[in-house]
Amino acid sequence: MTGPALDFVIAALERIRQTSDRAPRASRTVLARLQAEVLQKAGTQPLTAPNKAELLAPIRERVRGCTKCSHLACTRTQTVFGVGNPDAELMFIGEAPGVDEDKQGQPFVGRAGQLLTKIIKAMNFAREDVYIANILKCRPDTPAGTFGNRAPTPIEMQTCRPYLVEQIEIIQPKVLVALGAAAVEGLLGTRGTMRELRGRWHAYNGIPLMITYHPAYLLRNQAPSEKRKVWEDMLQVLERLERPITERQRNYFL
Ligand code: SF4
């Protein structure tokens, strides 16, 4: 990085360092974009800022080799980074891979995932149009010989959260949807009941965030009233995205 732009950035970082007791930080994504812009302005490189898929690729590689939670690194089949369109305007966030996701290496592919896919289709998106990721990239381990999944612990979520932060920073969706209380806690650090949290707008780093029930909850609780709540949350998401909503969609029940 050369030239007046770099001098400006260094001076700005210096000012932050002098006036704050926290060290200035810039993510790899921001630095990569800044470097591309500066090089382009300096005429040393054509306008080829890395695209979002290229920016995500090295993070995926770091996740693949991550052993920060040693107990999960040695029990996982594979990491589950995220799937979908890196240019998505809509991004769903769940809590952690389950047994099916651990086997297939993709988030939301089990029964709950099939219901999420149904919701996405009812919104008139293809699954490939949106981006889907979890707070945790490894399946929370369970005692040998037991079945089912367990919720991630707060420490596991804190440890893995920076990867998701980088994913969101690159994808920059117009709207985020957090599925379930654990996803909310992992993303915002906020604990609350879904009754308090769902159905209204929150924000994560300036991005509108809708909180709704995890599809697994709807599989456990088949009451039409609960399914309708999720769908009403998705109608709000469609409105926020300024997508057309048909009469059929308005009256839809999952
Ligand atoms: S859960 Fe996240 S932080 Fe922990 S080992 Fe897996 S990828 Fe690394």
Side-chain angles (χ1 to χ4, degrees), residues 23 25-32 50 52-86 88 91-113 116 127 130-173 176-191 204-205 207 209 211 214-217:
R25 296 184 60 204
S27 70
R28 284 183 177 82
T29 313
V30 169
L31 289 175
K52 292 181 180 181
E54 287 167 344
L55 290 168
L56 287 171
I59 307 168
R60 183 188 291 271
E61 281 314 302
R62 277 191 279 130
V63 165
R64 202 193 303 275
C66 181
T67 56
K68 284 197 269 181
C69 318
S70 53
H71 60 297
L72 302 186
C74 66
T75 52
R76 71 190 178 208
T77 305
Q78 58 195 313
T79 53
V80 180
F81 181 67
V83 73
N85 179 3
M91 180 168 175
F92 289 89
I93 298 169
E95 58 182 60
V99 67
D100 297 307
E101 290 74 20
D102 175 69
K103 259 189 214 147
Q104 296 187 41
Q106 279 204 20
F108 283 95
V109 289
R111 279 182 67 225
L116 177 63
R127 194 174 145 107
V130 304
Y131 199 89
I132 308 171
N134 284 313
I135 305 282
L136 232 67
K137 311 304 189 203
C138 297
R139 179 179 181 237
D141 57 344
T142 49
T146 60
F147 295 98
N149 301 312
R150 73 161 169 86
T153 66
I155 289 179
E156 288 166 346
M157 290 198 287
Q158 264 172 35
T159 309
C160 204
R161 183 179 183 273
Y163 295 127
L164 179 70
V165 168
E166 286 190 76
Q167 285 173 297
I168 297 172
E169 200 173 87
I170 289 167
I171 294 164
Q172 284 294 318
L176 285 163
V177 175
L179 300 164
V184 176
E185 187 184 342
L187 187 65
L188 302 181
T190 308
R191 278 192 194 200
Y204 167 80
N205 269 2
I207 303 173
L209 168 71
I211 296 173
H214 193 286
Y217 168 78

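Not measured: the values here are computed from a predicted model. Indexing begins at 1, ligand by ligand and atom by atom, following the structure's order. Note: hydrogens, waters and symmetry copies are ignored here, and every other heavy atom, side chains too, is used.
- Applying the side chain to side chain donor-acceptor pair (under 3.5 Å) test to residues at least two apart or on different chains, the pairs with a partner in residues 65-75 are His71-Glu156.
- Judged by distance alone, with hydrogens and angles left aside, the side-chain atoms of Arg161 form no donor-acceptor pair with the main-chain N or O of Ile135 at under 3.5 Å.
- Here the side chains of Phe108 and Pro215 are in contact, with some heavy-atom distance below 4.5 Å.
- Neighbouring protein atoms of atom 8 (Fe) of ligand 1 (N, O or S, distance under 2.8 Å, waters ignored): Cys66 SG.
- In this structure, CG in Asn134 is found 7.5 Å from CD in Glu101, a value given to the nearest 0.5 Å.
- Not a single donor-acceptor pair under 3.5 Å links the side chain of Glu95 to the backbone N or O of Leu136.
- Ile59 places a side-chain heavy atom less than 4.5 Å from the side chain of Phe81.
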